[in-house]
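Single-structure report; data block below.
Nothing here was measured: the structure is a model prediction, and the numbers come from that model. Quick note on labels: first sequence line is chain A, next is B, and so on, each numbered from 1.
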There are 2 protein chains.
Amino acid sequence: MADMARKQGSHSDITGPRVRDAALRLIARHGYAAVSMRQIAAEVGVQAGALYNYTPDKQSLLFDLMQGHMQELLAASRSADLAGDALARLAGFTRFHIAFHLPRPDQVFVSYMELRNLSDANFAVIEGMRRAYEDVLEDILRDGEAEGVFAMADTRVTTRALIAMLTGVSNWYRPDGQFDTETITTIYWDLVRKSVTA
Amino acid sequence: MADMARKQGSHSDITGPRVRDAALRLIARHGYAAVSMRQIAAEVGVQAGALYNYTPDKQSLLFDLMQGHMQELLAASRSADLAGDALARLAGFTRFHIAFHLPRPDQVFVSYMELRNLSDANFAVIEGMRRAYEDVLEDILRDGEAEGVFAMADTRVTTRALIAMLTGVSNWYRPDGQFDTETITTIYWDLVRKSVTA
DNA sequence: TTTCCAAATGAACGAGCGTTCAGTTAAATG
DNA sequence: CATTTAACTGAACGCTCGTTCATTTGGAAA
């Protein structure tokens, strides 16, 4: 009679996500170093000490946010990179990248801006996941070169250039602005396709 | 006997730049909020209080670094955007952007990562300068469309996409690495040219 | 040599930091 | 109803923060 439904009805399964949500929003807005545990706690509506029921320390809170984002990104990208020739897969990747990033501006912001606030060990983990994501695109570009459909001076540099271009959309895109996701995708796919086709 | 050679031989004209250099390097490495005035002072070799001979406060120190960078960038870009048809000017802009940014990784990093740590008034100033720089490229793209040499879905979005791509090189480029500036320029110019030509 | 003053020191200010923990609370269990 | 215990409080720990300022220092000016 120990393990079954142990904390049903308790708040911990509600407060936990709320801590993460508050931390994500505040860190995206003000930066990891500028946000205090007391600010996060106030946003959730608890005292600072209560946060330590949900994270061992502030650094782990940042790492969990970034690792969670990268895990979602990797899992989703591997599902998306499936069918067809290199050109079709590049179109799919472009569409996926924009569709994944645009609805997650805070996650994107934190994951790209707070790398230097990770401990060395945590940085290595996130960096490895970023590499793995770059490899998804690089494989497509290499296959397209082999097919004779793509031509570029250096695959690795081109990979990074394209990802920088695509991710940059999060820096200015506003959902209530001039463009919807579909229009953005069309514009960027046009740039991507032309830049790498032979 | 008042105004002539007033502080010749004093340290202020040496310490001032050293404060800015130390602040730039430390902020690029650890972030504005994570760097203390005492750390900057220690790097310079003075006590924290002495910094206030050179800046009214920490916020002004950050703003001066960013404003100085943007002023240099704008002045240099206007000198570089001179001759020829749109294609030649786009080549010149691409070359200029890379040549200007690659030797200044710390300035680039700070100017793009610390925007959220500026006061509202200071942010507006820097944002305006960034807009002005984007306009240099956008003018080239518009002229190229008028010439019938370029074709793109949206000039403003394309401007931002290209600048994001070009600036992204600072995120991974290392001067002791595989590529020299000339090679990088060739690779990126290839991508830029193909992405916008009709 | 004496005077002068820019430059820098070093101590202090109130405030906020991450984190810990003994004690309180309130909902689920028996 | 009595008991249990996860969740949370509130105070405290030692420490660092940005900034101020009376005082000291040392090289240039007279």
Which donor-acceptor pairs under 3.5 Å do the side chains of residues 190-197 of chain B make with protein atoms, sequence neighbours left out?
from	atom 1	to	atom 2	distance (Å)
B:D190	OD1	B:R193	NH2	2.6
B:K194	NZ	A:A151	O	3.1
B:K194	NZ	A:S195	O	3.4
B:K194	NZ	A:T197	O	2.9
B:S195	OG	B:L191	O	3.3
B:S195	OG	B:V192	O	2.8
B:T197	OG1	B:R193	O	2.9

Can a side chain N or O of B:T15 be found less than 4.0 Å away from OP1 or OP2 on C:dA8?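 Yes, B:T15 has a side-chain N/O under 4.0 Å of OP1/OP2 on C:dA8.
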Please table the atom pairs, donor to acceptor, closer than 3.5 Å between any side-chain atom in residues 64-75 of chain A and protein atoms at least two apart or in another chain.
from	atom 1	to	atom 2	distance (Å)
A:E72	OE1	A:R104	NH2	3.4

* Listed partners of B:D57 passing side chain to side chain donor-acceptor pair (under 3.5 Å), at least two apart ->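 For B:D57 the side chain to side chain donor-acceptor pair (under 3.5 Å) partners, ignoring immediate neighbours, are B:S60.
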For A:N117, all residues meeting side chain to side chain donor-acceptor pair (under 3.5 Å), sequence neighbours excluded
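Residues passing side chain to side chain donor-acceptor pair (under 3.5 Å) with A:N117: A:E114.
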Main-chain N/O of B:L26 paired with B:Q39 side-chain donor or acceptor, under 3.5 Å: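 No: the side chain of B:Q39 does not pair with the backbone of B:L26.
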Could you state the atom-to-atom distance from [atom1] of [X] to [atom2] of [N] in whole Å?
X     : N      : atom1 : atom2 : answer
A:I40 : C:dC17 : CD1   : P     : 11 Å
A:I14 : D:dA6  : CD1   : C1'   : 14 Å
A:L51 : D:dA7  : CG    : C1'   : 12 Å
A:Y54 : C:dT19 : OH    : P     : 17 Å
A:Q47 : D:dT9  : CD    : P     : 5 Å
A:N53 : C:dC21 : CG    : C1'   : 12 Å

Any pair counted as salt bridge (charged side-chain N to carboxylate O under 4.0 Å, His left out), so long as it reaches residues 178-188 of chain A, sequence neighbours left out: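 The answer is A:R95-A:E182.
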Report task. With sequence neighbours left out, write down each residue that passes side-chain contact (heavy atoms from CB on, under 4.5 Å) with A:A80, or none if nothing qualifies. Result ->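 Per chain and number, A:A80 pairs via side-chain contact (heavy atoms from CB on, under 4.5 Å) with A:F96.
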Quiz prompt | Those residues that, when tested against A:D21, pass side-chain contact (heavy atoms from CB on, under 4.5 Å) (two or more places apart) | solution =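 Partners of A:D21 by the side-chain contact (heavy atoms from CB on, under 4.5 Å) criterion come out as none, since no residue qualifies.
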Going by side-chain hydrogen bond (donor to acceptor under 3.5 Å, both in side chains), name the pairs with one or both residues in residues 132-146 of chain B, residues two or more places apart or in two chains.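 side-chain hydrogen bond (donor to acceptor under 3.5 Å, both in side chains) check on residues 132-146 of chain B returns B:R89-B:D143, B:H97-B:Y133, B:E134-B:R156, B:D135-B:R156, B:E138-B:R142, B:E138-B:R156, B:R142-B:T155.
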What's the spacing between A:L137 CG and A:S77 OG if we round to 0.5 Å?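 OG of A:S77 is found 10.5 Å from CG of A:L137.
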Distance-only donor-acceptor hits, side chain of residues 40-50 of chain B, under 3.5 Å, sequence neighbours excluded:
from	atom 1	to	atom 2	distance (Å)
B:E43	OE2	B:R25	NE	3.4
B:E43	OE2	B:R25	NH2	2.5

Within residues 113-122 of chain A: residues closer than 4.0 Å to DNA chain C (heavy atoms) |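 Residues of residues 113-122 of chain A under 4.0 Å from DNA chain C: none.
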Query raised in the report: When you measure from every atom of DNA chain D, which of residues 20-36 of chain B have a heavy atom less than 4.0 Å away?
Result: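 B:V35, B:S36 - these, ordered by number, are the residues of the stretch whose heavy atoms sit under 4.0 Å from the strand.
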What are the atom names and distances for every N/O pair under 3.5 Å that joins the protein to nucleotides 19-22 of chain D?
from	atom 1	to	atom 2	distance (Å)
D:dT19	OP2	B:Y52	OH	2.7
D:dT19	OP2	B:K58	N	2.9
D:dT19	O5'	B:Y52	OH	3.3
D:dT19	O4	B:R38	NH2	3.3

